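Here is the structure we will look at.
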Amino acid sequence: MNFENIEMTDKIGYILYKKGLVDAQTLERALNTKIQDFNKNRRNLAQILVQEYGFDHDSIFKEVATLYAFREFTDRVEEIPEKTLEFIKTMINNADSEIKDLMLDNAIIPYKFDEKNKDKLFFLAVDPTNKLIPKIAFGLGSKKYEVVFIRKKDYDKLIKIIITPENEYLKALQSSSEELNIDVREDASLDEQELDAEINKSALINLIEAALIEGVRKGASDIHFIPRSGNRTEIMMRIDGILQTWHIQENTLPEAVAAVVKDRSKGMDRFEREMAQDGFIQREIDKHIIRYRVSVLPIVGTELKNKFESIVIRILDDRKVIKDLDKLGLIGYAKEAFVKAINEPQGMVILTGPTGSGKSTTLVAALYQVISPEVNVLTVEDPVEYVIEGARQLKIGFKMNFEQAIRAILRHDPDIVLVGEMRDKETAETAIKLANTGHLTFSTLHTNDAPSAVSRLYKMGIEPFLIAYAINLIVAQRLIRKLCENCKQRIKEIDGSLANALKIDKDEWKKYTIYKAVGCNECNYTGYKGRLAIHEALYFTKEIRQIIVNSGVEVDEEKIRQQSKRDGTLNLRESGLEKVKQGLTSFEEVIANTSEQ
């Protein structure tokens, strides 16, 4: 094909080819498909490239929108006013079924009327050239309209807010009039047959499945099933780090609720109620595979007849995996140190912080920066939370435990290694050995801040010179809640008690725009929506290494803190205050999640 003549036959093809977005061979095949397709589907080249050849929708259609002078939707979906959202909902819901289906099937929705011309309706469309737009506009009674291009990722975000998918299990549960009430004689143990019969005929299965779906849609990290006396079970969800009550199941034996959860999980014994159990669940929710890690622990009940078990289900949603380092929230010196450390050919990068502080998320993001076909990346995690493309993740089980896997990894020709957690001296020594023998090694440790991680390794029995020269960087991390963009309110005057608690100069802070939490329907009246990470990055400079090598009976943490501060490190509280300056969080949230250093 003569590509000099493409501009005459297909302008968008010419632009995509010239910009290097499509190679010549693929473009030729796509143009041939377009010719063959003409009498059937009448698809344009952009549609063919996305549907048939897997090209990124937004990259291709952005060029289409530019070529045909369509305006682009540039607002943040999170900042669309509630009034506008209600308008979109009303327009969609009031449309007849055919037009509604056309809109949703083709990702075309009414947005708002033009302020200057009240008769003109703006439409948002992921494909602004879609030939069905005139029919949809006519069906909505709009004679004048303008089409605005919206990126598919923004459309998906918006439509999730506008039309929440129906939870069929929740609907079945709400429409069910069944009540569970199992009589158990005080002098007898649970009647398993009676329990089984009650479970099978009850709405409990709907309750459990509804909780699994709602947990994902609400963005919860965990679902808790807490047994209470009086035949009650509280179901709570951890959203943005805070436990919130979702449902209270009355008139039902907690044992029955636990039995259903165990029945729905792989690797669990329903009849075992005296020992801890771990299992997993997998479901397809909203066209995504979601995995759940289930933990069951026996707990003390109020009466001898009770066999109470606490259940926590961790939601593992691969869509939450961060691959882009810029999205981790690292700023300034912390970001520079992190990028430098993970690009060293060898040495160790340690993430430290309490459970649930996002350590694994940060390490996975770091791994994605260094994974390539030329290196052998091995991970040892127990349990494996997320599948990492390009890495070989060792399977821990009863035939190979964590310690055995750590030893075996040395013989498997690794270049880069992720050790899920340095939980004891043996694991730490092996990880340090890997870092000292030409491997880039990532791991986690449970300590309050970065300097105390050095002390922890020292107390484990690791030699000071090994600590000093094996480690590139230690990063302490916390997750703090983000202010709700819909209701956050600017502070005119900083409260004196807050200024004293944070040891900040009120006059100095007058040049920053500071916000406080208020609360609205959007954030469930908490004032916060979503979380972000704050970091303390301890990069191992020559001076830091020297302090560690010269350690006597114990590591001088304060000396390390002072030196790291001179190097440019912000502690966790200072890092949190930087987020306050950016208008992302509040003083109260920083105080609640960081300690004075």
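Everything numeric in this text was worked out from a predicted model, so none of it was measured.
Taking 4.5 Å as the limit, every side-chain heavy atom of D567 sits out of range of all side-chain heavy atoms of Y539. At least one side-chain heavy atom of I331 sits under 4.5 Å from a side-chain heavy atom of E578. A 4.5 Å side-chain heavy-atom check between I416 and F442 finds at least one atom pair inside the cut-off. Annotation: side chain of V518 is not in contact with side chain of Y525 (no heavy-atom distance under 4.5 Å). A heavy-atom distance below 4.5 Å is found between the side chains of R456 and L445. Residues T444 and T352 fail the side-chain proximity criterion, which asks for heavy atoms closer than 4.5 Å. Using a 4.5 Å heavy-atom cutoff, the side chains of L158 and I109 are in contact. For the pair M237 and L243, the minimum side-chain heavy-atom distance is 4.5 Å or more.
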Problem - Residue pair F587, W509: steps toward the ring-ring contact (aromatic ring centres under 6.0 Å, His included) verdict - result: CA-CA 12 Å; F587 283 131; W509 276 72; 5.3 Å; yes
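Closest approach of V417 and L434 over heavy atoms only: CG1-CD1, 4.0 Å. Taking all atoms of both residues into account, the shortest heavy-atom contact from V555 to S455 is CB-OG, 3.7 Å. Nearest heavy-atom pair, S357 versus L479, reported as atom, atom and distance to 0.1 Å: O-CG, 3.4 Å.
A donor and an acceptor atom, one from each side chain of S586 and Y528, are located under 3.5 Å apart. N500 and S497 form no side-chain donor-acceptor contact under 3.5 Å, judged by distance and modelled atom types alone. There is a side-chain donor-acceptor pair under 3.5 Å between E381 and T379. Between Q346 and H439, the side chains place no donor N or O within less than 3.5 Å of an acceptor N or O (distance only, hydrogens not considered).
Residue E79 places its CD atom among more than 12 non-hydrogen atoms of other residues, nucleotides or ligands, all under 6.0 Å distant. Within 6.0 Å of NZ in K218 there are 12 or fewer heavy atoms belonging to other residues, nucleotides or ligands.
K506 places a side-chain N or O within 3.5 Å of a backbone atom of I494 that can act as its donor or acceptor partner. Within the 3.5 Å criterion, the main-chain N or O of K433 finds a donor-acceptor partner in the side chain of T437. Side-chain atoms of Y368 come within 3.5 Å of backbone N or O of E389 as a donor-acceptor pair. Within the 3.5 Å criterion, the main-chain N or O of A450 finds a donor-acceptor partner in the side chain of E536. In terms of modelled atom types and a separation under 3.5 Å, the side chain of K359 and the main chain of P354 share a donor-acceptor contact. Looking at E574, its side chain does come within 3.5 Å of a backbone N or O of N571 through a donor-acceptor pair. Listed for the T569 side chain is a donor-acceptor partner under 3.5 Å among the backbone atoms of A537. Checked by atom type and distance alone, the side chain of N593 never pairs as donor or acceptor with a backbone atom of I480 at under 3.5 Å. Within the 3.5 Å criterion, the main-chain N or O of G358 finds a donor-acceptor partner in the side chain of Q477. The main-chain N or O of G530 is found under 3.5 Å from a side-chain atom of D240 such that the two form a donor-acceptor pair.
Going from atom CD1 of I409 over to atom CG of N376 covers 8.5 Å, rounded to the nearest 0.5 Å. Atom SG of C523 is separated from atom CG of L483 by 9.5 Å, given to the nearest 0.5 angstrom. Considering CD of Q244 and CD1 of I239, their distance stands at 4.5 Å, rounded to 0.5 Å.
Residues that satisfy the salt bridge (charged side-chain N to carboxylate O under 4.0 Å, His left out) test with K157, not counting sequence neighbours, are E78.
Look at R561 and D449 and you find a salt bridge, because one of the NZ, NE, NH1 or NH2 atoms lies within 4.0 Å of a carboxylate O, short of that distance. Ion pairing of K62 with E72 is present here, as a side-chain N (NZ or NE/NH1/NH2) and a carboxylate O approach within less than 4.0 Å. Ionic pairing of R314 and D222 is present here: one or more N-O contacts between side-chain nitrogen and carboxylate oxygen are shorter than 4.0 angstrom. With respect to the salt-bridge test (charged N to carboxylate O, under 4.0 angstrom), the residues D156 and K153 do not qualify. Taking 4.0 Å as the cut-off between side-chain N and carboxylate O, R217 and D286 count as a salt-bridged pair.
The side chain to side chain donor-acceptor pair (under 3.5 Å) contacts involving residues 407-421 comprise R407-E426, where partners must be two or more places apart or lie in separate chains.
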